[in-house]
Amino acid sequence: MEYSPADLSRSEQAHEIMRSAGEVPSGVLPALIETSWSRCISRGLDADKCAKEIERARRDLLMTERERNESLLKHAAPVMNGLYAQIARSGSMIVLTNASGFIIHSVGDQAFLDRASKVALSPGVEWSEESKGTNAIGTALVEKVPVSVHGSQHFFSANHFLTCSAAPIFDPCSRMLGVLDVTGDSRNPSHHSLALINLAVQTIENQMFAQAFPEGFVLNCHVQQELIGTVFEAMLAFDHDGRVLSANRSACRLIGRSHAELLTHTFTSMFDKPLSALYDPLLRGTDTLELRLFGGRTLFGRPKAGNLSRPPARVISMDVQRTESGPSAGPRVQISKDKGLHRLSTGDGQMDAVVEKVRRVLGRDIPVLIQGETGTGKELLARAIHDDGPRHDQTFVAVNCAAIPDGLIESELFGYEEGAFTGARRKGYPGRIMQADGGTLFLDEIGDMPLALQARLLRVLQERTVVPLGSGRATPVDLSIICATHRKLRDLVAQGSFRADLYYRLNGLTVMLPPLRERSDLRALVHRILASEESIPQGLRIDDEVISLFERHPWPGNMRQLANLLRTAGVMAADDGCIHTRHLPDDFIDELGGSTPALRPVETEFRPIQSQAPCDLDSLTLRAIRESLARNEGNVAATARELGISRTTLYRKLKEG
């Protein structure tokens, strides 16, 4: 390892800081720091000259990453809020990133958030080693283990005021999803940060694991019976035949086998009892089993059942992250709670028109194409169409064509025979189209489907048969097709990236979902989400100032952004009984211009121009907007309607002026 004298002094200083802190045995963590520094030096990074500051990412990119990591954010946000409650007023912040180190969410003390933003430690910025040198987030991603980086252990001197502890988060199939990090001032290092982070990550992983296998069953177990149901419990998922589907990290440690090794086992090859031993306690409720492992160790286990009876009416939703490892091994199954098209009618004229159009084609074998911006509720409409149609008692299969890597989408859709390719399942795989046989196939983001597969899909739709990979036999299928996209398929056809014949085959009834900023039923939507979201305390109210803020917001993430925001704000406001502006995320305020306009009278923000008459078009436009705002007493929605423009355009014109 080649260091300059200055580099060596920093490395030695890092060793001394860690030894004096006494957090880990001497030489363990500093070795990771040294290795990380070596990687940074090999990349040509200069420790004494901070790399060119990375600009804050565009808000649309941030929203896209949040949507791609929706499940992670849903489970992590409440845990982050609980963790922050333990370290509040300590001058620190909690950060959540995706698998590339891109920050998608943060909470913390405002004073420290302001300091951290000066080194771009905020949502919308990537903190990988490649971009930010040695830091807890980036190094944890590379090493795939919990990491603490204190003060001068950071590669860039600009980050020496930080002390950071981070741990990677893995999904139920043992693939990395992202990192959870606690960062504070290096002058006040917390000796408990890494332990707290590890507990928080384990909580997130266990919650995701518990919901990932609803059609089989999960065995919660531990050598100490009283630890079942705690964050320390081991979790094993089995299918109905007793095959191991997955195991959490606690199970791997407790059993002493790797995740890959456990996947080769069954219930009977691991324990001294037959699979049927689980069903009796499942029927009785909460009884605990005593099980003996193949190595002789005794465990206490408590099984939790999914859909053991395998009812025909179920919803299979494919929600896959774009990772190097590919999509998840199996579908995520959910039972829809709010069924039917009537649930979508909440007083907005545009949505009522969409619902009425859809009602007229139910059961008539007319394909429906749903268009609209990301997050407007295209899958919700597709599910409602299925639930109100004649196939409501059959399977609904949702596939996000943009979320599956190009190399895997063919096998995911059409299935494959045994031995079709290296890594194929031993008994083959039926594919999403076959899973939808008799029911409904929902192809989300159909505009992102590769051209080669468009031809195969067209043949399926025309011939009503599917041929799996590695097979020469065509299998008949009977299904209803619903497609959705945020892109204009007609433009893609003109560009040659979407087949015209497939477009006209799918384009039976086309409906356009309005963006949230253009809907007139925002208040009704807010109250419906508050009433239906399980994580939000019942009876929680929302302050009028917050509603006013909502009505002025551009909502780039639409319904999905609103639901996520209310879920997080609801947790933050649980003890107050009412959501106030202080419970809203900082980035939400940023989207309104970086301040909290609801805390001051609206009319003071938009005053008519008191100046000489403008002579250019932009100034005339700005003057017209401000005068209209004054006439409408600051009501942005009314102003946009009066001028015939969208609220997004209105905000942009004001910002430009």
Side-chain angles (χ1 to χ4, degrees), residues 68 173 215 314-323 325-334 367-370 378-379 382-383 385-386 391 394-487 489 492 497-499 501-503 505-508:
R68 288 177 178 172
C173 294
E215 279 204 334
R314 63 190 187 276
V315 175
I316 300 181
S317 174
M318 184 74 175
D319 185 13
V320 189
Q321 300 296 324
R322 237 183 228 283
T323 65
S325 302
S328 58
R332 171 171 53 86
V333 183
Q334 297 177 334
V368 177
L369 176 62
I370 307 171
K378 295 187 286 293
E379 184 171 344
R383 291 176 188 271
I385 294 171
H386 171 81
R391 300 173 184 264
Q394 298 298 318
T395 306
F396 178 95
V397 179
V399 181
N400 188 334
C401 299
I404 310 176
D406 292 349
L408 296 176
I409 188 171
E410 185 172 16
S411 60
E412 288 292 337
L413 275 178
F414 301 97
Y416 53 81
E417 293 288 302
E418 179 178 359
F421 54 86
T422 302
R425 297 181 188 178
R426 187 171 60 182
K427 295 184 179 180
Y429 174 65
R432 305 299 179 206
I433 294 175
M434 281 298 299
Q435 287 179 342
D437 187 26
T440 301
L441 177 67
F442 173 55
L443 297 174
D444 197 6
E445 301 302 350
I446 184 69
D448 292 289
M449 178 176 283
L451 266 173
L453 295 192
Q454 293 176 25
R456 289 202 62 185
L457 177 62
L458 179 63
R459 182 174 299 175
V460 170
L461 300 180
Q462 290 175 339
E463 301 177 2
R464 296 289 171 171
T465 60
V466 61
V467 180
L469 294 176
S471 172
R473 179 174 52 87
T475 303
V477 289
D478 173 31
L479 46 76
S480 175
I481 293 288
I482 303 174
C483 296
T485 179
H486 73 283
R487 309 174 70 179
L489 291 187
L492 297 181
S497 58
F498 198 87
R499 293 179 62 102
D501 46 5
L502 179 59
Y503 169 69
R505 182 65 180 80
L506 298 174
N507 189 24

About how many Å separate [atom2] of [Y] and [atom1] of [X], when rounded to the nearest 0.5 Å?
X      : Y      : atom1 : atom2 : value
Arg68  : Asn400 : CZ    : CG    : 9.5 Å
Leu502 : Asn507 : CG    : CG    : 10.5 Å
Arg383 : Phe442 : CZ    : CZ    : 8.5 Å
Cys483 : Arg505 : SG    : CZ    : 10.0 Å

Checklist entry - With sequence neighbours left out, which residue pairs that include part of residues 437-446 fulfil the salt bridge (charged side-chain N to carboxylate O under 4.0 Å, His left out) condition? => result none

Could you pull out every donor-acceptor pair under 3.5 Å between side chains of residues 474-481 and any protein atom, sequence neighbours left out?
| residue | atom | partner | partner atom | Å |
| --- | --- | --- | --- | --- |
| Thr475 | OG1 | Arg473 | NH1 | 3.3 |
| Asp478 | OD1 | Arg391 | NH2 | 2.9 |

Checklist entry - According to the side-chain hydrogen bond (donor to acceptor under 3.5 Å, both in side chains) rule, which pairs have a member within residues 449-464, sequence neighbours left out? => result Glu410-Arg456

With a 4.5 Å heavy-atom cut-off, do [X] and [Y] have their side chains touching?
X      : Y      : value
Val460 : Ile433 : yes
Ile446 : Leu457 : yes
Phe414 : Leu453 : yes

Item to check | Exercise: identify the closest heavy-atom pair between Ala484 and Leu369 | outcome: N-CD1, 4.3 Å

Item to check | Heavy-atom closest pair, residues Arg487 and Gly447 | outcome: NH1-O, 3.5 Å

Next on the checklist: Using the rule given for side-chain contact (heavy atoms from CB on, under 4.5 Å), can you reason through Leu458 versus Arg499, listing the C-alpha separation, both sets of side-chain angles and the distance that settles it, and then say yes or no?
Outcome noted: CA-CA 9 Å; Leu458 179 63; Arg499 293 179 62 102; 4.2 Å; yes

Checklist entry - Applying the side chain to side chain contact (heavy atoms under 4.5 Å, CB included) test to Leu441, which of Val397, Leu461, Ile482 qualifies? => result Val397

Checklist entry - Checking side-chain contact (heavy atoms from CB on, under 4.5 Å) for the pair Leu443/Leu413: CA distance, chi angles, key distance, verdict? => result CA-CA 10 Å; Leu443 297 174; Leu413 275 178; 4.0 Å; yes

Next on the checklist: Treating His386 as the side-chain partner and Gln394 as the backbone partner, does any N or O pair qualify as donor plus acceptor under 3.5 Å?
Outcome noted: yes

